[in-house]
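Just below is one structure, and these are the notes that go with it.
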Amino acid sequence: MTHSIVLAGPAAETTRLLVYWVLAIASVAAALGMVLSRRAVHCALLLAIVMLSLAVFYLMNGAPFLAFVQIIVYTGAVLMLFLFVLMIVGITAADSIIETIRGQRMWAALTGIAMLVLLSLVVGHAAIGPGAKNSAQFADGNVTALAHLIFTRYVYPFEITSALLITAAVGAMVLAHRERLRPKPTQRELAAARIASGHPTPLPGPGTYAQHNSVDMPALLPDGSQSELSVSEVLSVGSGRAERPALGGLQPGGEPSGRPPAVTPGPGHGSGPEAGEH
Amino acid sequence: MVSPAHFIALSVILFVIGAVGVLVRRNAIVVFMCVELMLNAANLAFVAFARMHNALDGQVIAFFVMVVAAAEVVVGLAILTAIFRARRSASVDDANLMKY
Amino acid sequence: MTGSADSSLAHSAVAIATLHATGLQDAAWLLIALPLLGAAILLLGGKRTNSWGHLLGVAMPLLAFVYGVAAYAQMLGYPAAQRSRELTIYQFIDVGRFQVPMGLRLDQLSICFVLLITGVGSLIHIFAVGYMSHDPERRRFFGYMNLFLAAMLLLVLANNYLGLYVGWEGVGLASYLLIGFWQYKPAAAVAAKKAFIANRVGDAGLSLAIMLMFFQFGSVTFTGVFGTVGKASHGVVLAIGLLLLLGACGKSAQVPLQSWLLDAMEGPTPVSALIHAATMVTAGVYLIVRSAPIFDLSAGARLAVAIVGAVTLLFGAIIGCAKDDIKKALAGSTMSQIGYMMLAAGLGPAGYVFAIAHLLAHGFFKAGLFLGAGSVKHEMDDEVDMRRFGGLWRVMPITWVTFSIGYLAIIGVPPFSGFYTKDPIIDAAFAKGGTSGALLGTAALIGAGITAFYMTRVMFMTFAGERRWDESVHPHEVPPVMTSPMIVLAIGSAGAGAFLILSNRLLNFLGPVTGVPPTSHGVWTPAGEGALALVAVGIAIAYLMYGRRDVPVTAPAGSPVTVAARKELYGNAINESLLMRPGQWLTRLSVYFDNRGIDGIVNTVAATFGGSSGRLRRVQTGFVRSYALSMLVGAVLLVGALLLVRL
């Protein structure tokens, strides 16, 4: 596979230019958004956009193997790992806007601009030649050539890096390990505990309505009030009560509105017992 | 004509954005993500130079960078999880006991 | 031997080769070892030796005296040119060019001193047995006295200047220990310290002279130095002479280092008799006379010695006139008489023999006078103020007779010692010629008159007149252990002068070592008659003032001269203002500078570090993000630097 991805011809030039500019602007915007966004999950997704753009750039530069590794490993595995840890750690309070360290933002901005200027100067001074045309070096195809390099000239880094990977995996297991302080409770103990706790039955599930079906919809109790037990804590804390759509005359929190509801299609069938007061 | 210079310039911009992001964000995971951004920018530069020199060494290096970055993320997030379990806070500012 | 040019004063002493000691004289180290052994036993043995310590302390000097007489007898058996003998005990210093043997030289000069030191010393030791009989520390006293004898004998016997210096320092130490013997008396401790420090100034001069000798001549032995001194330049010889004079001034209490002698009377009276009258203070005269070959080559040094002697003899005499403390009056007298000896020594070969003659005679009569004063003090409950004495001749007749003989000897009444030894000095001074000779001679004459005055004053105030003492005091004659030495010394005082001077006995004996005077005078000279006249005048004035009139018990105000003399002619005041106060200011300034300046610098450096680190540590905020910021700033600077050098 030679530079088959690299299109030939003048039309290819314009395409390449177009692709470059679009993706460049997109990735810069995504990077800025990632730095400025307040919600962590948004940051992760914006980073994904950057990584995918970079994968396309790799393709444009005659590194197909690297491009796919970028998508599969970097975006697909590493970034998803980020998201998983975000879930564990909790998408709790958003980063507050107020900066606690005096002068940090100003200095960070100044230094960033200085870095930008200096690096641009460096790059501008450097003699960066044009890209290479087709050459015989890549006659065997990208993967084979890479393998050739890795297992001859770069075999030591390769071996050491593999040791590093093993160490990292073992280290992560050790760090994330939670030592069990008590013996694992048996099923009998769990059952006994459930009976003793006062609510032996499972928690109510979320409500299913005509227009809303998601997991964060609360179920209705017989008296028309919303059951807080039916929505996961994570969701209720994260989104805030005010955003929950009002369900007919019922306010969230279980207070009856005070007037009898109209017999219009409102709340659908609740999965719990019907409220007698309706 | 998209020359490697374009890619280098883009790499520089992404790198600087990532660096500033590390300094400004307080959530540890977001800081990590900015570090990943910096690494990616460096990878882009490697690949562009590989194109320029007409040699595959740059790509090999970029490959290794990816591997190391993956290992680093694994360990770093494991540490973060352990810290979070102990302190229930993911802010980098909360770990400030090593001060005067 | 005639001739007056400096160069022709070159000595026959240099030409005499010193032979090796043989026979009995070869054991001359016994002279030093015996008293040293006594001192060691008594001081190291401690209280166990208390019961017989004083007997050992007396036995050692007596044994040394016996040996000294035997060595003297052996020496008389040699012809005059072969009497200078040396022996080496061991090699003291053996470092490259610097070779100093620990050797002894037995020649005519040193044997004179040996006999004086051991003889008079033994008598004083016997006296001290009685004088210190009530003192519980008597054993320690004898230990120190023996130590003194050993050091003094080393001083006069050493055959090199360094050995002499060892003995010099040793007698200084013994003097310090003995002046401050009654340590519980603050005045005694202060006086001991003062004596030591004044001596130290002189010792600096002596050590510089020795260093200069080694530097110039490559040797410090007498034979080595005297052999090569002729080749040195005038300046060097003058310098050595003046430095030796400085050393002698310190040890012999001459002006300007005289202030310690009167304070040294705080020590027990035997100490005053032995050390500060007969022996230690004469060490300076010994040094000058021994260094005769050096002084003969420098007229300037000789003149300096003579001037110092003349000034001091008047100085001491004037002080002695106004002191009411009997011991201090006698101390002033000592200062004055040693001035006479220094004056004689400064006259060159014309005076060396007379200096030694006066020294030997002075040893007898001054020791006798001091022992008499000690007896009086012992009987009067340690009172020394003469205004509280009076009429003691009836109560202490033996003391009075021996004291009177000493008195007649010191003022120079014929046929007692002083007449024969003092008048040649006055003659030699006048014979020096020129203005200097006239001035020196006149000073000596006047000094003779003043000596007569103050000694007569002491006699009248102490022994004559009505009794002025308290009812509680019961003086009577002292026991025989104390009167016997005084009697022996009185005999010496009476006859020593005549024995030494008549028929030129000492002159012939010492001549080979010191040289002889170019012109010899008879016994009765015009200057001598003038001296006698002045003596008579002095006696008369003293009789009028103290013999005829009653002596007031409290001292009257007195004229300015009297007040000055009571304050020792402001010697202490001068020392304090010239030396002590500036020294104290200097130390205080140094301390201030050290505290503020040097400590200030050090503390400031420390405070700077402390303060700056206190500020700098605030950089460690603990926030990872600020650390990351500094890392980024560092990276920016690095890139900028690389850019600058166009990397």
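Since the structure is predicted, the reported quantities are computational estimates derived from the model, not experimental observations. A, B, ... follow the sequence lines: proteins, then strands. Residue 1 opens every chain.
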Region of A/S27 that comes under 4.5 Å of a non-hydrogen atom in chain B: both
Sub-4.5 Å side-chain heavy-atom contact between A/L32 and B/I17: yes
NE2-CZ distance between B/H6 and A/F57, expressed to the nearest 0.5 angstrom: 11.0 Å
B/L10 side chain near A/Y20 side chain, heavy-atom distance below 4.5 Å: yes
Region of B/D93 in contact with chain A, defined by heavy-atom distances below 4.5 Å: side chain
Flag side-chain contact, heavy atom, 4.5 Å: A/L66 against B/M66: yes
B/L39 side, atom CG; A/M51 side, atom CE - distance, nearest 0.5 Å: 9.0 Å
Distance in Å, A/L86 CG paired with B/I29 CD1, rounded so as to fall on 0.5 Å steps: 4.0 Å
Most chain A-contacting option - heavy-atom pairs closer than 4.5 Å, from B/V73, B/V22, B/V24: B/V73
Residues B/N40 and A/Q70: side-chain donor-acceptor under 3.5 angstrom: yes
Check: A/L116 and B/F15 side chains under 4.5 Å, non-hydrogen atoms: no
Heavy atoms from other residues, nucleotides or ligands near CE of A/M80 exceed 12 (cutoff 6.0 Å): yes
Interface moiety of B/A9 toward chain A, non-hydrogen atoms closer than 4.5 Å: neither
Between CE on residue B/M33 and OG on residue A/S37, distance to nearest 0.5 Å: 8.5 Å
Chain B contact via A/M173 - which portion, at a heavy-atom distance below 4.5 Å: neither
Residue pair A/G62 / B/Q59: nearest heavy atoms and the distance that separates them: O-NE2, 3.1 Å
Beyond-backbone contact of A/L54 with B/L14, side-chain heavy atoms, under 4.5 angstrom: yes
Worked verdict on A/M34 versus B/L37 for side chain to side chain contact (heavy atoms under 4.5 Å, CB included): CA-CA 10 Å; A/M34 186 191 95; B/L37 179 59; 4.0 Å; yes
Atom group of A/H148 that falls short of 4.5 Å from chain B, counting heavy atoms: neither
Side-chain donor or acceptor of A/R105 paired with backbone N/O of B/L23 under 3.5 Å: no
B/F32, part contacting chain A, at a heavy-atom distance under 4.5 Å: both
Geometric class of the B/F64/A/F158 ring pair [parallel <30°, tilted 30-60°, perpendicular >60°]: tilted
Within 6.0 Å of CZ in B/R87, more than 12 heavy atoms from elsewhere: no
Criterion side-chain hydrogen bond (donor to acceptor under 3.5 Å, both in side chains) on B/E36 and A/Y74, from CA distance to verdict: CA-CA 10 Å; B/E36 290 303 313; A/Y74 227 138; 2.7 Å; yes
Distance-minimising heavy-atom pair for B/L44 and A/Y58: N-OH, 3.6 Å
Any side-chain heavy-atom pair of A/R153 and B/D57 under 4.5 Å: yes
From A/R178 atom CZ to B/T81 atom OG1, the distance as rounded to the nearest 0.5 Å: 10.0 Å
Derivation and outcome, side chain to side chain contact (heavy atoms under 4.5 Å, CB included), residues A/L146 and B/F63: CA-CA 10 Å; A/L146 274 178; B/F63 179 66; over 6 Å; no
Flag, side chain of B/E72 to backbone of A/A168, donor-acceptor distance under 3.5 Å: no
Which atoms of A/A77 approach chain B - backbone, side chain, both or neither, heavy atom under 4.5 Å: neither
Beyond-backbone contact of A/I113 with B/V16, side-chain heavy atoms, under 4.5 angstrom: no
Pairs of heavy atoms under 4.5 Å with chain B: top-ranked of A/V19, A/L47, A/V174: A/L47
Toward chain B, the part of A/V28 with a non-hydrogen atom under 4.5 Å: both
Between A/C43, A/A172, A/A169, the one whose heavy-atom pairs under 4.5 Å with chain B are most numerous: A/C43
B/L77 side chain reached by A/F84 side chain, heavy atoms, under 4.5 Å: no
Worked check of side chain to side chain contact (heavy atoms under 4.5 Å, CB included) between B/V74 and A/L165: CA-CA 9 Å; B/V74 161; A/L165 276 176; over 6 Å; no
Donor-acceptor pair, side chain of B/R51 and main chain of A/A63, under 3.5 angstrom: no
For the student: nearest non-hydrogen atoms of A/A108 and B/V20, plus distance: O-CG2, 3.9 Å
Separation of A/L36 CG from B/R25 CZ (nearest 0.5 Å): 8.0 Å
